[in-house]
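One structure is given here, and the rest of the page talks about it.
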Amino acid sequence: MAAAEEPAKRRTGSSRATGRRPADEPRHRPSKGPAWAMRTAAEQLTELLGRAPDSVSALKPTNDGWEADVEVLELERVPDTTSVMATYRVSLDKEGDLVSYERTRRYTRGQIDRRG
């Protein structure tokens, strides 16, 4: 059998050298950091409102978990700049469960925020 036709050999050795995790080693639980909090807030608000968020415009840690401002398309219009958007403030506990939410603002998509 020519060298090119030989079956690929399995490498043995430490997973630390290759950077790969062996199949029998448990996975680490994802960090509950900012990206996790953003996804969690958006997913739970989607479930409650039945509308997918457009974006997360603010996120901050609190003593009890996280607080996020989530932008949601409430009424689609043509042209798109006249569509009605809303900002929802979402509070999550440390485990990522939604504790509260409230609509804090409604505006048209094309509106420029005048706050300084």
Side-chain angles (χ1 to χ4, degrees):
M1 198 183 259
E5 295 174 20
E6 288 181 20
K9 292 183 182 178
R10 287 194 120 174
R11 292 184 185 182
T12 59
S14 168
S15 65
R16 304 216 189 286
T18 63
R20 288 186 236 157
R21 177 184 56 83
D24 60 340
E25 188 176 303
R27 291 180 184 241
H28 292 285
R29 190 171 184 196
S31 171
K32 292 187 178 182
W36 169 85
M38 287 176 71
R39 282 190 305 275
T40 302
E43 288 168 4
Q44 291 186 58
L45 191 61
T46 298
E47 206 172 305
L48 291 170
L49 299 178
R51 295 183 200 102
D54 203 58
S55 64
V56 176
S57 59
L59 179 72
K60 69 178 180 179
T62 65
N63 291 334
D64 300 324
W66 293 91
E67 188 174 273
D69 286 348
V70 182
E71 308 304 316
V72 176
L73 174 64
E74 290 210 324
L75 181 61
E76 192 168 6
R77 291 186 176 159
V78 176
D80 191 44
T81 55
T82 63
S83 292
V84 178
M85 303 292 295
T87 302
Y88 286 85
R89 173 129 329 123
V90 178
S91 296
L92 304 175
D93 65 15
K94 290 180 182 179
E95 297 304 313
D97 294 322
L98 191 138
V99 176
S100 68
Y101 76 96
E102 67 177 312
R103 186 172 62 197
T104 59
R105 179 174 174 234
R106 284 186 97 193
Y107 59 99
T108 58
R109 187 185 291 270
Q111 181 179 343
I112 297 172
D113 195 356
R114 303 258 183 229
R115 292 182 277 177

Verify the cluster assignment for Met38 and Leu98: are they in a single hydrophobic cluster under the rule of side-chain heavy atoms below 4.5 Å apart?
yes
For residues 42-56, pull every pair meeting side chain to side chain donor-acceptor pair (under 3.5 Å), keeping only residues two or more places apart or in separate chains.
Asp54-Arg109
Here the pair of heavy atoms bringing Ala37 nearest to Leu59 is CB-CD1, 4.1 Å
Hey, are the side chains of Glu95 and Lys32 touching, using non-hydrogen atoms and a 4.5 Å cut-off?
yes
How long is the straight-line distance from CG of Asp80 back to CG of Leu73, given to the nearest 0.5 Å?
7.5 Å
Please list, chain by chain and in numerical order, all residues satisfying salt bridge (charged side-chain N to carboxylate O under 4.0 Å, His left out) with Asp93, sequence neighbours excluded.
none
In this structure, would Tyr101 and Leu92 fall into the same cluster of hydrophobic residues linked by side-chain contacts under 4.5 Å?
yes
Pairs involving residues 64-78, ordered by first then second residue, that meet side chain to side chain donor-acceptor pair (under 3.5 Å) (sequence neighbours left out)
Ser57-Glu71, Asp69-Arg89, Glu71-Thr87, Glu71-Tyr107, Glu74-Tyr88, Glu74-Arg103, Glu74-Arg106
Heavy-atom closest pair (Val90 atom, Leu45 atom, distance to 0.1 Å) is CG2-CD2, 4.0 Å
Can you name the nearest heavy-atom pair linking Thr40 to Gly96, along with the distance?
CG2-O, 3.0 Å
Nearest heavy-atom approach of Ala41 to Ala68 is CB-CB, 4.1 Å
